[in-house]
2 protein chains.
Amino acid sequence: MATMTAAQRREQARVEYDAFLKSCPTNQLLDRISDKWVSLVVSALAPGPLRYSDLGRKIAGVSPKMLTQTLRSLERDGLLDRTVTPSVPVRVDYELTALGQNLALLLTAVKDWAETHFDEVREARERYDTEGADS
Amino acid sequence: MATMTAAQRREQARVEYDAFLKSCPTNQLLDRISDKWVSLVVSALAPGPLRYSDLGRKIAGVSPKMLTQTLRSLERDGLLDRTVTPSVPVRVDYELTALGQNLALLLTAVKDWAETHFDEVREARERYDTEGADS
DNA sequence: CTGGATCCCACAGGATACTG
DNA sequence: CAGTATCCTGTGGGATCCAG
């Protein structure tokens, strides 16, 4: 049957659209910086190199799994370097690459924007919440 | 007993950290633009106002639920205006506020960064994937 | 046409224990 | 110390039906 349900059409559109989004650099980067831990790790590393457990302590509340996972993906994308020193207790240092520093800059821009406009957003929220409450 | 298990300490740290993050404007904005649909809606609306169903069609693959949910949160944050025209079939238009346009600008900056550095990321990925494969 | 309400499931991500 | 493997839960988000 040539007729598709609305759900089927939407599903098809979604798949195509997802494929399109995946091929889009903007969206890929957006996915990167959207990740909660990515931004935290990059920020933590911005001042200088840190060891694995230092990161774990500095970020406070990250599970080893997510820390490793985040570090791996950032390393893969060439945003940070992983240096292993095979001493008696193994020592691993992580530091941002030039590209990583660059991303940190972008995060800073986001941060600046946030701080600049945060009051407006807060006011808008209060207005919105209030006008709904008093009826 | 005054002694806490490692899990308890981590849990406490996580709660405190979450509270800290919630109070941080940067993180709130990051949460905003991280949302997959938020960026798409803002981009779709950047050129000009659109109706509800136009948005649904332009974004292709969004469920009515997420579309509404996204629009509501953006409206609450004062990023877009919702205009209801009570004609026979109800008509609702959405358009970015000045603040919303501003956010669109930020997304554009992210986009520019992405397009500028995407090649480097892609190369880094290929390098990473290759060196792992040939052993 | 524009949504609200509900059910439901996949999957990201946290806790935990174990290994080089 | 620096992870890896496993399990398990929370929740984001899609499908579906209903209402103004």
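All values below come from the heavy atoms of this structure, side chains included, with hydrogens, waters and symmetry mates left out. Per chain, numbering begins at 1; letters A, B, ... match sequence-line order.
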Residue set satisfying side-chain hydrogen bond (donor to acceptor under 3.5 Å, both in side chains) with B/Asp93, at least two apart, ordered chain then number -> B/Arg91

Short side-chain N/O contact to D/dT4 OP1/OP2 from A/Tyr52, under 4.0 Å
no

For D/dA2, does either OP1 or OP2 sit under 4.0 Å from a side-chain N or O belonging to A/Ser53?
yes

Does the side chain of A/Arg91 get closer than 4.0 angstrom to OP1 or OP2 of D/dA2 through an N or O atom?
no

Write down the distance between CG (B/Asp54) and P (C/dG3), rounded to a whole number of angstrom.
12 Å

Listed pairs under 3.5 Å, donor-acceptor, residues 37-49 of chain B side chains, sequence neighbours left out:
from    : atom 1 : to      : atom 2 : distance (Å)
B/Ser39 : OG     : B/Lys36 : O      : 2.9
B/Ser43 : OG     : B/Ser39 : O      : 2.7

Donor-acceptor pairs are to be reported for all side-chain atoms of residues 109-117 of chain B against protein atoms at under 3.5 Å, with residues two or more places apart or in another chain.
from     : atom 1 : to       : atom 2 : distance (Å)
B/Trp113 : NE1    : A/Asn102 : OD1    : 2.8
B/Thr116 : OG1    : B/Asp112 : O      : 2.7
B/His117 : ND1    : B/Glu120 : OE2    : 2.9

Nearest whole Å is fine: how far is C/dA12 C1' from B/Lys36 NZ?
14 Å

Among D/dA2, D/dG14, C/dG3, the nucleotide that comes nearest once only the side chain of B/Trp37 is considered
D/dG14

If you define the side chain from C-beta out and look only at heavy atoms, does anything of A/Leu29 sit under 4.5 Å from A/Leu106?
yes

Rounded to whole angstrom units, what separation is found between the CD1 atom of B/Ile59 and the P atom of C/dT2?
14 Å

According to the salt bridge (Lys or Arg N to Asp or Glu O under 4.0 Å) rule, which pairs have a member within residues 41-53 of chain A, sequence neighbours left out?
none

Sidechain-backbone polar pair: B/Thr85 side chain, B/Ser87 backbone, donor-acceptor under 3.5 Å
no

For residues 71-78 of chain A, run the donor-acceptor check on the side chains, cut-off 3.5 Å, and write out each pair with its distance to 0.1 Å, sequence neighbours left out.
from    : atom 1 : to       : atom 2 : distance (Å)
A/Ser73 : OG     : A/Thr70  : O      : 3.0
A/Arg76 : NH1    : B/Asp129 : OD1    : 2.9
A/Arg76 : NH1    : B/Asp129 : OD2    : 2.5
A/Asp77 : OD1    : B/Arg125 : NE     : 2.6
A/Asp77 : OD1    : B/Arg125 : NH2    : 3.4
A/Asp77 : OD2    : A/Arg32  : NH1    : 2.2
A/Asp77 : OD2    : B/Arg125 : NH2    : 3.2

Between the first and last five pairs of the helix from C/dC1-D/dG20 to C/dG20-D/dC1, the angle of the axes, rounded to 10 degrees:
50°

Set of residues satisfying side-chain hydrogen bond (donor to acceptor under 3.5 Å, both in side chains) with respect to B/Asp31, sequence neighbours excluded:
none

Side chain of A/Ser63 only, please: which of C/dG14, C/dG3, C/dG20 is the nearest?
C/dG14

Within residues 40-49 of chain A, the residues having a heavy atom closer than 4.0 Å to DNA chain D are none

Between A/Arg57 and D/dA2, is there a side-chain N or O to OP1/OP2 distance below 4.0 Å?
no

Please list, by residue number, the residues of residues 65-72 of chain A whose heavy atoms come closer than 4.0 Å to an atom of DNA chain C; answer none if no residue qualifies.
A/Lys65, A/Met66

By salt bridge (charged side-chain N to carboxylate O under 4.0 Å, His left out) - contacts of A/Glu95 (at least two apart)
none

A/Leu50 CG to D/dA2 P, straight-line distance once rounded to whole Å:
11 Å

Taking only residues two or more places apart in sequence, or in another chain, which ones meet A/Arg57 in a salt bridge (charged side-chain N to carboxylate O under 4.0 Å, His left out)?
A/Asp54

Residues in side-chain hydrogen bond (donor to acceptor under 3.5 Å, both in side chains) with B/Thr68, at least two apart?
B/Tyr52

